[in-house]
Amino acid sequence: GESVGLHLPTLSVQEGDNSIINCAYSNSASDYFIWYKQESGKGPQFIIDIRSNMDKRQGQRVTVLLNKTVKHLSLQIAATQPGDSAVYFCAERPGGANNLFFGTGTRLTVIP
Amino acid sequence: DAGVIQSPRHEVTEMGQEVTLRCKPISGHNSLFWYRQTMMRGLELLIYFNNNVPIDDSGMPEDRFSAKMPNASFSTLKIQPSEPRDSAVYFCASSLVDTQYFGPGTRLTVL
């Protein structure tokens with residue numbers, strides 16, 4: 001029979017536009033959150049992280065926003081480029097733990 | 001820094017054979033993680049070590065899977081005997097404090 005895989009949410013944006021990728025996390029006790037980018041055939045690559053005592057953190061062209069009230073995390077990419085096309089994963093770490101729990105990922109496609 | 005190193009990058013084997021995947025973490029990191037990624041289940045944690053000691057192996061699918069970390073610079077994940085459903089990409093990651101850095105993965109195909 002036909003196998004059914006995970007259904008990845010997809011986001012298509014025009015080159016130069018800003019991208020917003022959203023993630024809902026499950027554990028209110030999580031104290032650390034992280035975004036990874038995974039290109040085809042490669043391992044997840046660290047983008048940016050944030051601790052639960054912050055609600056915003058900025059990097060180069062990327063911003064992570066954390067809303068603990070509704071357990072929501074977002075990744076904003078400014079001036080999206082074709083090289084940003086990839087699958088983006090959010091991950092959370094429960095307080096006191098060392099391991100991460102990953103979301104299913106979002107596929108970002110940048111249209112030149 | 002060379003980053004996390006995994007070998008082999010690709011492995012094709014027949015059902016019933018033993019498979020050993022290898023990982024060299026980033027020098028100085030004290031935690032090491034083994035993950036498996038499939039289309040069906042996404043990215044799953046199999047086991048992680050802290051200071052070479054296994055801390056949580058609850059993600060290891062069954063007794064056919066075993067992992068060792070004999071020293072701070074080397075870890076292995078072994079599958080014996082392998083089955084077709086073990087086909088996946090296996091990632092190793094290491095960390096010092098918070099951020100986990102992933103290796104390039106080993107794509108395993110069990111025929």
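To find a chain, count down the sequence lines: A is the first, B the second, and so on, and within it residues start at 1.
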Do [X] and [Y] make a side-chain contact, defined as non-hydrogen atoms from C-beta onward lying under 4.5 Å apart?
| X | Y | value |
| --- | --- | --- |
| A/Tyr25 | A/Leu66 | yes |
| B/Pro70 | B/Asn52 | no |
| B/Lys78 | B/Lys68 | no |

Under 4.5 Å from a heavy atom of chain A, the part of B/Glu44 involved: neither

Which atoms of B/Asp56 approach chain A - backbone, side chain, both or neither, heavy atom under 4.5 Å: side chain

Most contacts with chain A, counted as non-hydrogen pairs under 4.5 angstrom, among B/Gln6, B/Arg107, B/Gln37: B/Gln37

Check the surroundings of atom [atom1] in [X]: do more than 12 heavy atoms from other residues, nucleotides or ligands lie under 6.0 Å from it?
| X | atom1 | value |
| --- | --- | --- |
| A/Lys68 | NZ | yes |
| A/Arg107 | CZ | no |
| B/Asn71 | CG | yes |
| B/Glu62 | CD | yes |

Contacts with chain B made by residues 76-90 of chain A (heavy-atom distance under 4.5 Å), listed by residue number: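 From residues 76-90 of chain A, the residues near chain B are A/Phe89.
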
Greatest number of heavy atom pairs closer than 4.5 Å to chain B - which of A/Phe46, A/Tyr32, A/Phe101: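 Of A/Phe46, A/Tyr32, A/Phe101, A/Tyr32 has the most heavy-atom pairs under 4.5 Å with chain B.
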
Residue part contacting chain B, namely of A/Gln38, when any heavy atom lies under 4.5 Å: side chain

A/Asp49 versus chain B, the contacting section by heavy-atom distance below 4.5 Å: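 Interface part for A/Asp49: side chain.
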
Donor + acceptor pair across side chains of B/Gln100, B/Tyr35 (<3.5 Å): yes

For residues 9-26 of chain B, which side-chain N or O atoms pair as donor and acceptor with protein atoms under 3.5 Å away, sequence neighbours left out?
unit_1  : atom_1 : unit_2   : atom_2 : d
B/Arg9  : NE     : B/Gly105 : O      : 3.2
B/Arg22 : NH1    : B/Thr20  : O      : 3.4

